[in-house]
Q: 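I'd like to ask some things about the structure below.
So that the names make sense, note that chain A is the first sequence line, chain B the second, and so on, each numbered from 1.
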Amino acid sequence: MNGKPKVRVRFAPSPTGFLHVGGLRTALYNFLFARKHGGTFILRIEDTDRTRYVEGALENLIEVLTWAGLDYDEGPVKGGPFAPYVQSQRLEIYRQHAQSLLETGKAYRCFCTPERLEAMRKEQVRHRVPSKYDRTCLKLEPSEIEGKLQQGVPYAVRMKMPEGRRIRFHDIIREEVEILSDQLDDQVLLKSDGYPTYHLANVVDDHLMEITHVIRGEEWLSSVPKHILLYEHFGWQPPKFAHLPLLLNPDKSKLSKRQGDVAVEDYRAKGYLKEALINFVALLGWNPGDEREVFTLPELIDEFSLERVGKSGAIFDIKKLDWLNFEHLRRKPDSQILAMLKESLSASSLEKKEFDDAYLLNVVGAMRDRVVFVKDFIEKSPYFFQAPSHYERETLKKRWKRETPEQLKKFVEAISRLERPQKEDYEVALNRTAEALGIAPGKLIHPVRLAVSGMGAGPGLYDILFILGKDETIRRIKSAIERLSKGHPSE
RNA sequence: GUCCCCAUCGUCUAGUCGGCCUAGGACAUCACUCUUUCAAGGUGAAAACACGGGUUCGAAUCCCGUUGGGGACACCA
């Protein structure tokens, strides 16, 4: 009941076909801020550039946001009190606002052709003067304007920038920022095709949708004065601003395609968990102030504050993302990993894709400290899903000796006699066999591992044998003896 | 070029508005440990306040400048 307005924030992407990880972070910070303050998180689509229209981009965007767990309260499809939330469906609203600026003399019509503007800019660049619109159309007589309108000459609406104004504003992250209005161009607000530019649409919508905090990327910082002026012209109170530092490529340029993956979907496809990606991206520019680093979404909501967002750009370091993926994966209960493993299995190129839950759970237990991704269960321990097709050359060289086949035969004999062997039974059998042969257990352990898995690394041998089971173990050892005895085939 | 923003280990960063910082943590790297292998775990090492001036008894922390990096300068967002 007290005067504090309810927090309303928006994530306002333009639908270019995929969600950029930088966009994911912007969305996340907006989301966290809203949830933290019991506010509203709005999704608004800024599709005012018809030349960049991408089929299905909206659906894709919503799908990815939903996957990440960033549910919006108002927006396209879902609707809300300020619908529509897609700018291309709000053209009339922008037209009216542009009209009112025209009437109050804060804006004017510009009939210049793109060609003329292009030539003008070139000229300005050549003379090394700041490239700004030369205000040709501001000097038009009312009769001339009338004439052009009569003839149906297409025009854009330009904002008339005041001269000599010092525009100062407060940014939650950057503190005080000051820009001279002389630097500002007479920005086009309404394009000749009737669509608004970002600046007009953004300001109008933020006001109409009662946005209290504009949280967006730093690339917008230098546009704020234009926006402030617009709010002023309309007689509106501007929202609070928070400009986030940029996400950078390893070479410190603005994160972009070409230097790796930038689409959230790329990371999803590679097997990153949403928990890890969200956690990682949250830490790029923000930290809780203590030493904790692994967070779930609810924990982030609890801890988040814009005041703790840093000012400098952050390089997207995939190594740390991998580590977070590992951390989040290992925190998941076996049952959940099991479900993901099954999915991974059915998508794999394995011949056999169906396994008992109990069997898979054993695999999960044996491998969970050794994998970063769910798909690693298959890639790092394929032998749990199919018999080895070849044996690692290096390991073979190191562990497989001339006398090995005979020794393994003894081990096979020993375990053949076992009834429903447990882990420990394999261990006892191996130790006894080694003892009988008068050799160290290692002389058997390594060849057995190689025989059943084809590799030199993995979980404890007895775990592997137990998981594979007696019959399969014997089969694989015999097969290895057969294949590796003649000559010394390495691959 | 003009304007704006930024500046602590290779990377993400702590550093609550000057003293407790001989600069802390994490990832990555290396070593040791554990161990039948590989991981995980444990222990430890190496690794940074861009530079120059101030202000102050005292500066990573405040001010100025330099350098470096980035962003914005469209009828794209």
Q: Considering every strand and a 4.0 Å limit on heavy-atom distances, what is the contact class for A:P288: base, sugar-phosphate, or nothing?
A: nothing
Q: Which part of the nucleic acid does A:V371 contact within heavy-atom distance under 4.0 Å: base, sugar-phosphate only, or nothing?
A: nothing
Q: Side chain of A:R174, base of B:C5: donor and acceptor closer than 3.5 Å?
A: no
Q: Would you call A:K332-A:E275 a salt bridge at under 4.0 Å N-O?
A: yes
Q: Respond yes when some side-chain nitrogen or oxygen of A:S222 is under 4.0 Å from OP1 or OP2 of B:C5, and no when none is.
A: no
Q: Closer than 4.0 Å, any side-chain N/O of A:S131 to the OP1 or OP2 of B:A74?
A: yes
Q: Using a 4.0 Å heavy-atom cut-off, does A:E178 contact any base of the nucleic acid, only the sugar-phosphate backbone, or nothing at all?
A: sugar-phosphate
Q: Rounding to the closest angstrom, what is the interatomic distance between B:C62 and B:G15 at atom P?
A: 13 Å
Q: Looking at A:K311 and B:A7, is any side-chain donor or acceptor paired with a base atom of the opposite kind under 3.5 Å?
A: no
Q: Tell me whether the OP1 or OP2 atom of B:U13 has a side-chain N or O from A:N287 closer than 4.0 Å.
A: no
Q: Using a cut-off of less than 4.0 Å, is there contact between a side-chain N or O of A:R158 and OP1 or OP2 of B:C75?
A: yes
Q: Quick one: do A:R476 and A:E472 make a salt bridge, cutoff under 4.0 Å?
A: yes
Q: Reckon A:R368 has a side-chain N or O less than 4.0 Å from the OP1 or OP2 of B:G41?
A: no
Q: Using a heavy-atom cut-off of under 4.0 Å over every strand shown, decide if A:G442 touches base, sugar-phosphate, or nothing.
A: nothing
Q: With rounding to the closest Å, how many angstrom separate the C1' atoms on B:C5 and B:A45?
A: 38 Å
Q: With nearest nucleotides of RNA chain B determined for A:A314 and A:Y462 from heavy-atom distances, which residue corresponds to the more 5′ nucleotide?
A: A:A314
Q: Within the 3.5 Å criterion, strictly below it, is a donor on A:N202 or A:H227 matched to an acceptor on the partner's side chain?
A: no
Q: Identify whether any heavy atom of A:R449 sits under 4.0 Å from a base atom; if not, whether one sits that close to sugar-phosphate; answer base, sugar-phosphate or nothing.
A: base
Q: As a test of reading the structure: which of B:C12, B:C4, B:U37 is closest to the side chain of A:K320, going by heavy atoms?
A: B:C12
Q: Whether A:K191 contacts B:A77 is assessed here as follows: a side-chain N or O lying under 4.0 Å from the phosphate OP1 or OP2. Is that the case?
A: yes
Q: Between B:C12 and A:R25, is there an OP1 or OP2 to side-chain N/O distance shorter than 4.0 Å?
A: no
Q: For A:R52 and B:A74, what is the distance between atoms CZ and P respectively, to the nearest whole Å?
A: 15 Å
Q: From CG of A:L190 over to P of B:C75, roughly how many Å is that when rounded to an integer?
A: 13 Å
Q: Pick from A:T16, A:V264, A:V54, A:I45: which one makes a side-chain contact (heavy atoms from CB on, under 4.5 Å) with A:L61?
A: A:I45
Q: Tell me what A:S223 touches on the nucleic acid: a base, only sugar-phosphate, or nothing, going by heavy atoms under 4.0 Å.
A: nothing
Q: Given A:F280, which partner from the list A:Y267, A:Y272, A:W323, A:F316 fulfils the ring pair (Phe, Tyr, Trp, His ring centres under 6.0 Å) test?
A: A:F316
Q: I'd like the C1' distance from B:G25 over to B:A48, given in whole Å.
A: 14 Å
Q: Describe the nucleic acid contact of A:R308 in one word from base, sugar-phosphate, nothing, applying a heavy-atom distance below 4.0 Å.
A: sugar-phosphate
Q: Compute whether any side-chain donor of one residue and acceptor of the other, for A:N30 and A:R10, lie under 3.5 angstrom apart.
A: no
Q: Take atom P in B:G52 and the same atom in B:G71, then report the distance between them in whole Å.
A: 28 Å
Q: With a 4.0 Å cut-off on heavy atoms, is A:L117 in touch with a base, just the backbone sugar-phosphate, or nothing at all?
A: base
Q: Between B:A28 and B:C57, how far is it from one P atom to the other, in whole Å?
A: 47 Å
